[in-house]
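My structure is below; once you've seen it, I'll send some questions.
Labels below follow one simple rule: chain letters A, B, ... track the order of the sequence lines, proteins then strands, and each chain is numbered from 1.
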There are 2 protein chains.
Amino acid sequence: MAEQETTALTTEEKIKEAATKIFIEKGFSATRTRDIAMEAGINLALLNYYFRSKEKLFEVVMTESLQLFLVGLEEILNDVNTVLKDKIAGIAIHYVDLLKKYPDLPLFILSEVKANPSWLEANSNVREMLTQSNFYKQLEATTQKKVEPLHFLMNLLGVLVFPFVASPVLTGTEAADKAEFNQLMEERKYWIPIWMEAMLKTLSA
Amino acid sequence: MAEQETTALTTEEKIKEAATKIFIEKGFSATRTRDIAMEAGINLALLNYYFRSKEKLFEVVMTESLQLFLVGLEEILNDVNTVLKDKIAGIAIHYVDLLKKYPDLPLFILSEVKANPSWLEANSNVREMLTQSNFYKQLEATTQKKVEPLHFLMNLLGVLVFPFVASPVLTGTEAADKAEFNQLMEERKYWIPIWMEAMLKTLSA
DNA sequence: CCTCAGGTTAATCAAATGATTAACTGAAAT
DNA sequence: ATTTCAGTTAATCATTTGATTAACCTGAGG
């Protein structure tokens, strides 16, 4: 997650990279510290030497994963120079690009936050960041008390994130399927703002 | 998942109920057979007596979970007497009711299918069932080759299922939050068909 | 050269965990 | 009354797994 120049990762970094990969792929409970050590090409004891415990190492990975998922979002949400549709477009582009790169990130975060909800309170309160944002105020202005703006936030996250969460169910396992899937996701950068606007327009009818 | 009349569950049923509860709540890797035995109020050895192994027991739970998630869907999708919007309304009502009852079901299925994709091929091929359905043909007719109909399938599932998957992140942990959340989900039975239609209309513009 | 501290390793520990064993119970069958 | 057998239990096993230990490099500083 925090790449070095090209090669030559420090041992501590190699462990963190390996842990990030495997934790995100399999979740906390299903990963063995030995798997991480093997992936990192280091002796198992080194993992504990650098990170004290599996939990501590996971904490590092989880914190960085949450940051990775949330970084860049706040500025889009609170840009006073963009209207609602522009923000939606910005979010769509940002997240399609991010999730094409890290498709397992959402399911990982959702699973681990469910298993241990304190992750959210500890690292950054997503709920407040969303509901206090300029984006949310614009949403409230648009919906004009006719419908909970939260509905549209769920809709946006649903159309944006859910395909990645559900891709193991919706797409095949072959490489061609993956390419086709990414193509679809790319198309969604264009369509999601249009769809969201159409949904919001159902209020003025 | 398969309730007896009122009380008096057979030992085998008690184990299966307990296993279903805990597996769905925590996933395969994070659940201990001892937890299941304790939840069922039985001796640990009985679990292996009746189900041979943790894996075999999980297989039973997973198969029933997939059935629970898919039962009733096929008839809605292939009802020749309903137009697209009616089917969407039927799906929305069906899944809001189901997921209010079993809110952890989607994240469980998505996680375990990702960990072991063969579950889908083994039990019932969801992808074929969807893409071969009358619903999908109606979707194709409506989109008229302008956009992949798969987009709208993802949109529907996204707005319908994602809120439940993300509820640990989006809602608080208190009981009041849960009631409020369920109220929102209830409202979505009404709105989702309207929103989906609005999204589909973006093609004719 | 010697030292010494950080880095690394093989070996091992202790607890957790899935599974099995052997004995016991009670009720139905003979 | 005895046998039999599914159901149940406490105890134990064997493996996995997170963590520690003690030894051993290695290279910078004296």
Side-chain angles (χ1 to χ4, degrees), chain A residues 2-5 7-65 108 111-112 115-116 118-119, chain B residues 2-5 7-65 108 111-112 115-116 118-119:
Chain A
E3 213 95 355
Q4 197 84 334
E5 26 189 329
T7 43
L9 292 186
T10 225
T11 297
E12 186 172 348
E13 287 167 336
K14 279 196 291 183
I15 297 173
K16 203 166 74 178
E17 302 274 317
T20 300
K21 179 184 170 190
I22 298 190
F23 274 138
I24 290 184
E25 184 183 319
K26 319 217 293 182
F28 178 80
S29 292
T31 96
R32 311 285 104 103
T33 52
R34 281 168 172 78
D35 299 341
I36 295 174
M38 170 146 344
E39 173 77 24
I42 53 115
N43 186 287
L44 171 61
L46 273 181
L47 188 151
N48 293 284
Y49 176 76
Y50 281 106
F51 293 94
R52 301 246 335 140
S53 74
K54 183 188 178 186
E55 276 81 7
K56 290 278 202 331
L57 176 53
F58 180 78
E59 200 174 311
V60 172
V61 171
M62 188 64 182
T63 299
E64 290 199 359
S65 295
F108 169 70
S111 296
E112 299 300 335
N116 192 349
S118 61
W119 283 122
Chain B
E3 213 95 357
Q4 197 83 336
E5 26 187 330
T7 41
L9 292 187
T10 224
T11 297
E12 186 172 349
E13 287 166 336
K14 278 195 292 183
I15 297 173
K16 203 167 73 179
E17 303 273 317
T20 300
K21 178 183 171 191
I22 297 189
F23 274 138
I24 290 184
E25 185 183 318
K26 318 215 297 180
F28 177 80
S29 292
T31 95
R32 311 284 104 99
T33 53
R34 281 168 172 78
D35 300 341
I36 295 174
M38 170 144 346
E39 173 76 25
I42 53 114
N43 187 287
L44 172 61
L46 273 181
L47 187 152
N48 293 285
Y49 176 76
Y50 280 106
F51 293 93
R52 301 246 334 140
S53 74
K54 183 188 177 185
E55 276 82 5
K56 290 277 202 329
L57 176 54
F58 181 78
E59 200 175 310
V60 172
V61 171
M62 189 63 181
T63 300
E64 291 199 359
S65 295
F108 169 70
S111 296
E112 299 300 336
N116 192 348
S118 61
W119 283 122

Write down the distance between CD (A:E12) and P (C:dG6), rounded to a whole number of angstrom.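 Roughly 14 Å, once rounded to whole Å.
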Over how many whole Å does the gap from B:K14 atom NZ to D:dG7 atom P extend?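 Distance check: B:K14 NZ to D:dG7 P gives 13 Å.
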Quick one: pull up OG1 in A:T33 and CE in A:M38 and give me the separation to the nearest 0.5 Å.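 Separation between the atoms: 11.0 Å.
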Measure the shortest side-chain to side-chain distance between A:K26 and A:D35 over non-hydrogen atoms and say whether it is less than 4.5 angstrom.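 Yes - at least one pair of side-chain heavy atoms lies under 4.5 Å apart.
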What side-chain donor-acceptor pairs closer than 3.5 Å can you find for residues 51-60 of chain B, not counting sequence neighbours?
from  : atom 1 : to    : atom 2 : distance (Å)
B:S53 : OG     : B:E55 : N      : 3.4
B:S53 : OG     : B:K56 : N      : 3.1
B:K54 : NZ     : B:F28 : O      : 3.1
B:K54 : NZ     : B:T31 : O      : 3.0

Can you find a heavy atom in the side chain of B:F23 that is under 4.5 Å from one in the side chain of B:I36?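 Yes. Closest side-chain heavy atoms under 4.5 Å.
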For the atom pair CG (A:L47) and NZ (A:K16), what is the distance rounded to the nearest 0.5 Å?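 Taking CG in A:L47 and NZ in A:K16, the distance rounds to 13.0 Å.
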Which atom of B:G27 lies closest to which atom of B:E112, heavy atoms considered: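 For B:G27 and B:E112, the tightest heavy-atom pair comes out as CA-OE2, 3.4 Å.
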Atom-to-atom span, CG of B:L57 to C1' of C:dT17 - whole angstrom: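 My rounded result for the distance is 15 Å.
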Integer-rounded Å distance: C:dA19 C1' and B:I42 CD1: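 The distance from CD1 of B:I42 to C1' of C:dA19 comes to 13 Å, rounded to the nearest Å.
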Polar atoms only, N or O, under 3.5 Å: list the protein pairs with nucleotides 14-21 of chain D and their distances.
from   : atom 1 : to    : atom 2 : distance (Å)
D:dT17 : OP1    : A:R32 : NE     : 3.4
D:dT17 : OP1    : A:R32 : NH1    : 2.4
D:dG18 : OP1    : A:K54 : NZ     : 3.4
D:dG18 : OP2    : A:T33 : N      : 2.8
D:dG18 : OP2    : A:T33 : OG1    : 2.8
D:dG18 : N7     : A:R34 : NH1    : 2.8
D:dG18 : O6     : A:R34 : NH2    : 3.3
D:dA19 : OP2    : A:N48 : OD1    : 3.4
D:dA19 : OP2    : A:K54 : N      : 2.7

Using a 4.0 Å heavy-atom cut-off across all strands, classify A:Y50 as base, sugar-phosphate, or nothing.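 It contacts sugar-phosphate atoms only.
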Between C1' of C:dT8 and CD1 of A:I15, the distance in whole Å: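 These atoms are roughly 11 Å apart.
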